[in-house]
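Worksheet: the structure to be examined is printed underneath.
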Amino acid sequence: MHKARLWKSLKDGALQCRLCSHFCMIEPGGRGKCGVRINRGGELFTLTYDRAAAINIDPVEKKPLYHFLPGSRTFSFGTMGCNLGCSFCQNYSLSQPPREGSPVQGHPVDPEHLVEAAIEGGCRSISYTYSEPTVFFELMQDTARLAKQNGLANIMVSNGFMSPECLEELAPLIDAANIDLKAFTPEFYERVCDARLEPVKKNLARMRELGWWIEVTTLVIPGLNDDLEELEAMAAFIVGELGPETPWHLSRFHPDYKLQDRPPTPVATLEKAWVIGRRAGLQFVYVGNLPGNAHNSTVCPGCGRTAIERAGFTALGGTLEDGKCSACGAELAGRFDGQ
Ligand code: SF4
């Protein structure tokens with residue numbers, strides 16, 4: 001067990017975890033909602049510091065990040081645990097067991113070896129991903145510091161429900177993030193995810209202020225968050241608060257975990273959502289989890305040519321050169337680093 005950061009003592013050995021927007025009050029011997037932070041003798045410990053449950057080298061497109069070092073490899077890892085309890089979770093075998101009282105399992109890791117493996121694997125970045133990186137904050141923070149010293153970028157793939165303190169600690173370390181905006185009603189976040197919408201909205205706006213490169217993902221679920229007015233409100237929020245250049249990934253739902261009572265998202269719904277995003281003024285709207293869909297490539301906002309062509313998660317080519325469209329000279333939003 002490793003001492004946790006971001007908590008404060010309360011009376012009689014109790015404490016408050018300040019890592020995410022749940023701000024759990026934890027009695028001696030108890031765990032927070034995520035199940036991976038435990039109060040031992042009036043001090044908070046993390047159970048995720050030294051064990052990763054999934055490690056891979058992925059194309060950065062798989063995060064998904066389509067405008068951040070496209071075509072590069074990202075060293076990706078995650079531990080068990082999550083602070084949310086989404087009934088549709090597509091990674092529930094990693095994220096949910098600690099919330100349900102099961103032990104936290106994984107392979108022994110430490111920041112030095114993770115960074116070393118990223119460099120050896122020819123990666124440009126490290127991605128904190130697969131489950132929710134907020135709940136392995138201490139491991140992420142130490143690894144991200146070392147990664148930066150070694151010239152690697154840091155990417156967070158997150159539900160965005162961290163506390164403001166956590167976000168400020170990460171501010172100088174993270175370069176890019178893909179953040180889930182799971183729906184646009186407080187009711188959805190409370191009932192389906194055991195969380196709240198407002199902190200996610202505030203954190204997204206703050207990440208933009210901090211200069212992180214942000215892409216947003218929404219899993220469109222039939223009957224739960226596919227109301228067209230709700231999608232319009234979400235698109236307007238992204239345009240207004242994060243900017244029209246923010247990529248929006250509309251991802252197809254497949255029945256998973258506890259949400260087995262509805263079909264995969266109809267293609268027509270995803271197409272309508274795509275139109276809503278574009279009409280709202282978003283320059284880059286993508287449809288994901290739907291192989292072969294035309295809205296997977298990046299179209300130059302200047303001339304309409306294909307700036308980055310993709311097949312699945314593979315960037316194949318296009319008119320992008322040095323971050324600009326070679327056909328019309330328009331600059332594309334993102335971090336292309338001479339690509
Ligand atoms: S990370 Fe969030 S869910 Fe976990 S103990 Fe802290 S406040 Fe609670």
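As a basis for the values below, the full set of heavy atoms in this structure was taken, side chains included, without hydrogen atoms, waters or symmetry mates. All ligand and atom numbering here is 1-based and tracks the order in the structure. The shown structure was predicted, so the numbers you read here are calculated from the model rather than taken from an experiment.
Listed by first then second residue, pairs satisfying side-chain hydrogen bond (donor to acceptor under 3.5 Å, both in side chains) with a partner in residues 218-242 read T218-W248, not counting sequence neighbours. Note on residues 254-270: pairs passing side-chain hydrogen bond (donor to acceptor under 3.5 Å, both in side chains), not counting sequence neighbours, are E100-Y257.
Listed by chain and number, C17 SG are the protein N/O/S atoms closer than 2.8 Å to atom 6 (Fe) of ligand 1, with waters left out.
Ion pair E43/R40 not flagged as a salt bridge, since none of the NZ, NE, NH1 or NH2 atoms sits closer than 4.0 Å to an Asp/Glu carboxylate oxygen.
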What pairs of donor and acceptor atoms, side-chain ones from residues 82-89 against any protein atom, are under 3.5 angstrom apart with sequence neighbours left out?
from	atom 1	to	atom 2	distance (Å)
N83	OD1	N159	ND2	2.9

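Side-chain atoms of T246 do not come within 3.5 Å of backbone N or O of E215 as any donor-acceptor pair.
Note: H2 and Y49 have parallel aromatic rings, judged against thresholds of 30 and 60 degrees for the angle between ring planes.
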